[in-house]
Amino acid sequence: GYINRAGMSEHSEPLSSRVGDYWGACGHPEWNGQTKGRPWSGAFVSWVMTKSGVSSSAFPPAGRHAQYLTSLYDRQQSGRGASFALHAWSLTSTRPS
């Protein structure tokens, strides 16, 4: 795993429990930073959305980016009043704020 500047990794406490919080937001409270083979970046995004007060009907929490992006895309295509609009990366440009 990644070792940060303080010499801690996601596999040790307190970071392992924090990763467990991310997975808990996706319905997998049994997983944490010690769980092998489970990249948690998608779970982190879901945790952020949950902590921000976004409902699960507006943003379906999932551990994989493709899962929630597919749900958001399907809702957007169906015309069911999507809360989030997806845009092709090639149609946007990044710029400093």
Side-chain angles (χ1 to χ4, degrees):
Y2 172 78
I3 304 294
N4 67 23
R5 291 185 185 142
M8 296 170 38
S9 96
E10 65 196 41
H11 303 295
S12 60
E13 292 299 340
L15 301 180
S16 179
S17 291
R18 176 53 62 104
V19 172
D21 293 341
Y22 304 156
W23 281 116
C26 301
H28 294 285
E30 71 279 10
W31 295 346
N32 60 38
Q34 296 175 0
T35 305
K36 302 279 187 214
R38 300 284 180 195
W40 49 265
S41 61
F44 173 73
V45 172
S46 294
W47 177 83
V48 168
M49 298 302 271
T50 299
K51 287 293 186 181
S52 298
V54 177
S55 71
S56 60
S57 61
F59 186 94
R64 294 179 180 227
H65 300 288
Q67 285 176 292
Y68 61 73
L69 290 173
T70 298
S71 294
L72 294 172
Y73 177 82
D74 290 346
R75 181 172 294 156
Q76 184 174 326
Q77 294 302 307
S78 72
R80 293 182 293 174
S83 300
F84 295 91
L86 303 177
H87 302 279
W89 67 269
S90 59
L91 300 178
T92 62
S93 62
T94 58
R95 59 188 171 272
S97 56

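Side-chain atoms are counted along with the backbone in the values below, which use heavy atoms only and exclude waters and symmetry mates.
Applying the 6.0 Å contact sphere to OH of Tyr73 captures no more than 12 heavy atoms from other residues, nucleotides or ligands. By the neighbour-count criterion of 12 heavy atoms within 6.0 Å, atom CZ of Arg64 is sparsely surrounded, having that number or fewer from other residues, nucleotides or ligands.
With hydrophobic clusters built from ILVMFWY side chains whose heavy atoms lie under 4.5 angstrom apart, Val54 shares a cluster with Leu72. Grouping the Ile, Leu, Val, Met, Phe, Trp and Tyr side chains by contacts below 4.5 angstrom, directly or via other members, places Phe59 apart from Phe44.
Nearest heavy atoms, Val19 versus Asn32: CG1-C, 3.8 Å. In terms of heavy atoms, Leu69 sits closest to Leu86 at O-CD1, 3.6 Å. Annotation for Ser41 and His65: closest pair OG-NE2, 2.8 Å, computed over non-hydrogen atoms. Residues Ser52 and Val48 come closest through the heavy atom pair OG-O, 2.7 Å. Nearest heavy atom pair, residue Ala62 against residue Gln67, reads CB-CB, 3.4 Å. Here the closest heavy-atom approach between residue Ala25 and residue Thr50 is recorded as CB-OG1, 4.3 Å.
Between Thr35 and Ser16 the shortest side-chain heavy-atom distance does not fall below 4.5 Å.
Evaluation of the side chain to side chain donor-acceptor pair (under 3.5 Å) test over residues 19-29, restricted to residues two or more places apart or in two chains, returns His28-Glu30.
Residues passing the salt bridge (charged side-chain N to carboxylate O under 4.0 Å, His left out) test with Asp74, sequence neighbours excluded: none.
With values rounded to the nearest 0.5 angstrom, Trp40 atom CH2 is found 12.0 Å from Cys26 atom SG. How far CZ of Phe84 is from CD of Gln76: 11.5 Å, rounded to the nearest 0.5 Å. One distance of note links CE of Met49 with OG of Ser55; it measures 9.5 Å at 0.5 Å rounding.
With hydrogens and angles ignored, the 3.5 Å screen pairs a side-chain donor or acceptor of Arg75 with a backbone N or O of Ser57.
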